[in-house]
Amino acid sequence: MTRPWDVIGIGATSVDYVYRLPVRPEADGPHSKIRISSHTVSCGGQMATALAACAALGLRAKFAGVLGSDDNGTRVQEALVARGVDVADAIVHHGPNQFAVILVDERTGERMVLWSRDDTIALGADELPPELLPSARVVHVDDVDQQAAIQVATLARAAGAVVTSDIDRVTDRTDELVAAVSIPILAEHVPSALTGEAEVGRALRTLHARHGTMMCVTLGRSGAMIVDRGRVHYAPAFAVEAVDTTGAGDVFRGAFIYGLLRGDDPPALLRFANAAAAVSCTRRGAMNGVPSLADVKRMLTN
């Protein structure tokens, strides 16, 4: 079967209002009032950034999630198109696009994200054209609209696609979403929250035994880990001077998809995705920090 798209992504986009601060804010004390060092407006969001990374690495990428009808929705759509992501099947709902206020500690590059998403841009799985999911080699979902993500993952796997995920929150539907996708990619706190195991490696092995699929967990500046066929693979993060960590996990997922389609084994997958995430941390912004394949190769040789 011919699949014209390497990856179709269905999930969140965002316009990010980024404020760089000289120190991390606190509720009380000398850092409860801080002068902003600089501020910018840029595009991001889990799915938009991951797909921009896929396209920058050379994959045929399509966004088929929901955009708002406001200026921010238009801004995100234009940013995706400019980065080579197809938006012909994007769905526009009447309402405001998701946005985020991001506070970046300019000493470390670490960020805090405050986000807002109106219920009017929630996706209904029945809004997708039936021929869409069978046209992709990989379908990538996040956990913003969990019910839709579960339905999309189930339909995509039935159509023969591999389904990857961005899961970074825990609700009463999270374990169901983990079970629905082919390769769950989880934020660091998720495995322990789902299993009660404090140590992340043990928690990931417990989830792997429960579901029987390859699983990956991102560990921030500590790197990332995969459990596959009962074996644990770990790769440390690349040491870089971080400027802005916004979107690094999304870039990791985009690079993971690239390596997966290339046929990389788990150690190579981790190393490649870690390298891409490291490059993104040396740049400001989520989509603006997306690396090219040449950028990642340079990081891998450092």
Neighbour count above 12 (heavy atom, 6.0 Å) for His39 NE2: no
Check ion pair Arg284-Asp16 (N to O, under 4.0 angstrom): no
Any donor-acceptor N/O pair, Thr282 side chain to Val279 backbone, under 3.5 Å: yes
No-hydrogen, no-angle side-chain donor-acceptor test under 3.5 Å, Asp295 and Ser292: yes
Within one Ile-Leu-Val-Met-Phe-Trp-Tyr cluster: Leu128 and Val144, side-chain cutoff 4.5 Å: no
Over 12 foreign heavy atoms within 6.0 Å of CZ, Arg202: no
Inter-residue atom distance Asp250.CG - Asp166.CG, 0.5 Å rounding: 5.5 Å
Atom pair CE (Met215) and CD1 (Ile183), whose distance is rounded to the nearest 0.5 Å: 10.5 Å
For Val181 against Ala153, the heavy-atom pair lying closest together: CG1-CB, 4.0 Å
Any side-chain heavy-atom pair of Ile34 and Pro22 under 4.5 Å: yes
Asp71 atom CG: more than 12 heavy-atom contacts under 6.0 Å: no
Sub-4.5 Å side-chain heavy-atom contact between Gln77 and Thr74: no
Transitive ILVMFWY side-chain link Ile91 to Ile150, under 4.5 Å: yes
side-chain hydrogen bond (donor to acceptor under 3.5 Å, both in side chains) between Thr174 and Asp143, worked out: CA-CA 8 Å; Thr174 301; Asp143 60 0; 5.7 Å; no
Arg107 (side chain) donor-acceptor with Val23 (main chain) under 3.5 angstrom: no
Non-hydrogen atoms of Ala100 and Ser14 that approach each other most closely: N-OG, 3.5 Å
Arg60 atom CZ, over 12 foreign heavy atoms within 6.0 Å: yes
Donor-acceptor pair, side chain of Asn97 and main chain of Gly68, under 3.5 angstrom: yes
Nearest atoms (heavy-atom pairs only) where Met299 meets Ala278: CE-CB, 4.2 Å
Any donor-acceptor pair under 3.5 Å from His233 side chain to Ala224 backbone: no
Any side-chain heavy-atom pair of Lys297 and Thr301 under 4.5 Å: no
Donor-acceptor contact below 3.5 Å, side chain Glu176 vs main chain Arg173: no
Exceeds 12 heavy-atom contacts within 6.0 angstrom, atom CZ of Arg157: yes
Exam field: side chain Glu26 to backbone His31, donor-acceptor pair closer than 3.5 Å: yes
Phe272 and Tyr258 aromatic ring geometry - parallel, tilted or perpendicular at 30°/60° bounds: parallel
